[in-house]
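Structure first, then comments.
The chain is numbered in sequence order, starting from 1. Both counts, for ligands and for their atoms, begin at 1 and track the order of listing.
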Amino acid sequence: MIRLNKYLADCGVGSRRQCDEYIADGVVKVNGKRAVVGQTVEERDVVTVEGRRVAPKTKLYYVMLHKPKGCVCTVRDDRGRKTVMDFIDLKARLFPVGRLDYDTEGLLLLTNDGEVANVLTHPSHSIKKTYVARVSGAITESQRRQLEQGVEVDGKMTLPAQVTLLESDGHHTRVEVVITEGRNRQVKKMFQAVGAEVEFLKRTAVGELHLGGLQRGKYRFLNEKEMQYIKGLK
Ligand code: URA
């Protein structure tokens, strides 16, 4: 139970005092009945102001986690494995945006903003996801070009990607891959399609969000510039 003036303030109707005035003026109804100053409401009650329904705004959180290897990107795991939520000690109910494999590390956004999660993960928005992969052996220019142009993964060609060779000692090669899709195990399968094997995979950026120096297993709230980017997605 919550006092009606606080409930209305939480809905962004005005200050508690202003809300008391609205109640006294008779423009507020609870379940169709004129409200009175000092009354309380419950979550299931239907509250209207001048005939329009109002609902409390939930505070939106955006958290960047450096997901380590050895955990799953779900809120709960029925096999009892460690989840990314084990690294977040916030009371708000957040959920991970998209998935990284159990053995993949790197940037993972967690939020309670479904709209932003949808924009970042829906293929129609073509948000760039940047990965650094360590693959076994060398990658030839022909393989690199194939990866860029598109390879067959699960019976369907991948969309054009940016593939940059970072360094190689002949035994292992570090490659940066930027893709705009988010298909299951996509980067690993792309390399498989050209006969190479990913030994280690890390996501370093999603859109304009960059992992930077955030330590493995640590999280932080997005900064102002990143929040501008997030707001621009809506
Ligand atoms: N591609 C993969 O293969 N694995 C991931 O976790 C993310 C992208």
Side-chain angles (χ1 to χ4, degrees), residues 62-79 81-88 94-111 116-139 143-166 168 172-212 214-219:
Y62 308 90
V63 161
M64 181 192 293
L65 170 72
H66 185 160
K67 176 198 177 293
K69 291 203 286 190
C71 61
V72 289
C73 284
T74 49
V75 175
R76 232 166 289 107
D77 183 53
D78 48 16
R79 287 160 59 187
R81 290 173 299 180
K82 213 177 176 64
T83 81
V84 288
M85 303 317 290
D86 293 330
F87 297 91
I88 310 288
L94 307 185
F95 56 86
V97 177
R99 296 264 165 105
L100 290 175
D101 296 336
Y102 185 77
D103 61 352
T104 298
E105 67 172 44
L107 193 163
L108 184 74
L109 185 72
L110 295 111
T111 185
V116 161
N118 186 49
V119 173
L120 287 173
T121 52
H122 198 277
S124 64
H125 293 99
S126 304
I127 301 285
K128 287 183 179 176
K129 269 93 50 179
T130 307
Y131 295 87
V132 172
R134 190 184 73 219
V135 300
S136 55
I139 293 291
Q143 285 172 308
R144 192 196 67 78
R145 230 178 298 125
Q146 261 181 282
L147 288 165
E148 280 206 335
Q149 286 164 1
V151 292
E152 193 176 319
V153 164
D154 299 330
K156 203 174 149 227
M157 295 304 281
T158 55
L159 291 176
Q162 281 164 253
V163 179
T164 312
L165 303 189
L166 300 175
S168 180
H172 307 279
T173 304
R174 279 203 326 131
V175 189
E176 187 186 77
V177 182
V178 183
I179 56 174
T180 56
E181 301 168 280
R183 288 155 64 181
N184 184 34
R185 301 170 70 81
Q186 178 161 345
V187 175
K188 291 173 189 163
K189 287 178 178 171
M190 282 169 69
F191 279 97
Q192 255 171 27
V194 298
E197 192 201 343
V198 171
E199 297 171 333
F200 172 75
L201 188 62
K202 177 177 181 169
R203 183 157 69 187
T204 56
V206 172
E208 289 173 26
L209 307 177
H210 295 268
L211 188 61
L214 186 61
Q215 279 181 20
R216 210 174 270 130
K218 299 283 182 210
Y219 73 88

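- Backbone and side-chain nitrogen or oxygen atoms of Y131 are examined, and none is located within less than 3.5 angstrom of a nitrogen or oxygen of ligand 1.
- Here the closest non-hydrogen pair linking G217 and F87 is O-CD2, 3.5 Å.
- Some N or O of V187 is nearer than 3.5 Å to an N or O of ligand 1, by distance alone.
- When side chains are defined from C-beta on, F200 does not count as touching D103, because their heavy atoms never get closer than 4.5 Å.
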Take R203 and L100 through the side chain to side chain contact (heavy atoms under 4.5 Å, CB included) test and state the conclusion after the steps. CA-CA 8 Å; R203 183 157 69 187; L100 290 175; 3.6 Å; yes
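- Of the heavy atoms in L201, only side-chain atoms (C-beta onward) come closer than 4.0 Å to ligand 1.
- For ligand 1, the polar-atom distance check finds an N/O of R185 within less than 3.5 Å of one of the ligand's N/O atoms.
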Apply side chain to side chain contact (heavy atoms under 4.5 Å, CB included) to residues T158 and R183 and explain how you reach the verdict. CA-CA 9 Å; T158 55; R183 288 155 64 181; 3.9 Å; yes
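- How far NZ of K82 is from NZ of K69: 15.0 Å, rounded to the nearest 0.5 Å.
- Heavy-atom proximity to T104, at under 4.0 Å, picks out these atoms of ligand 1: 4 (N), 5 (C), 6 (O).
- Between D101 and ligand 1, a contact under 3.5 Å exists for at least one N or O pair.
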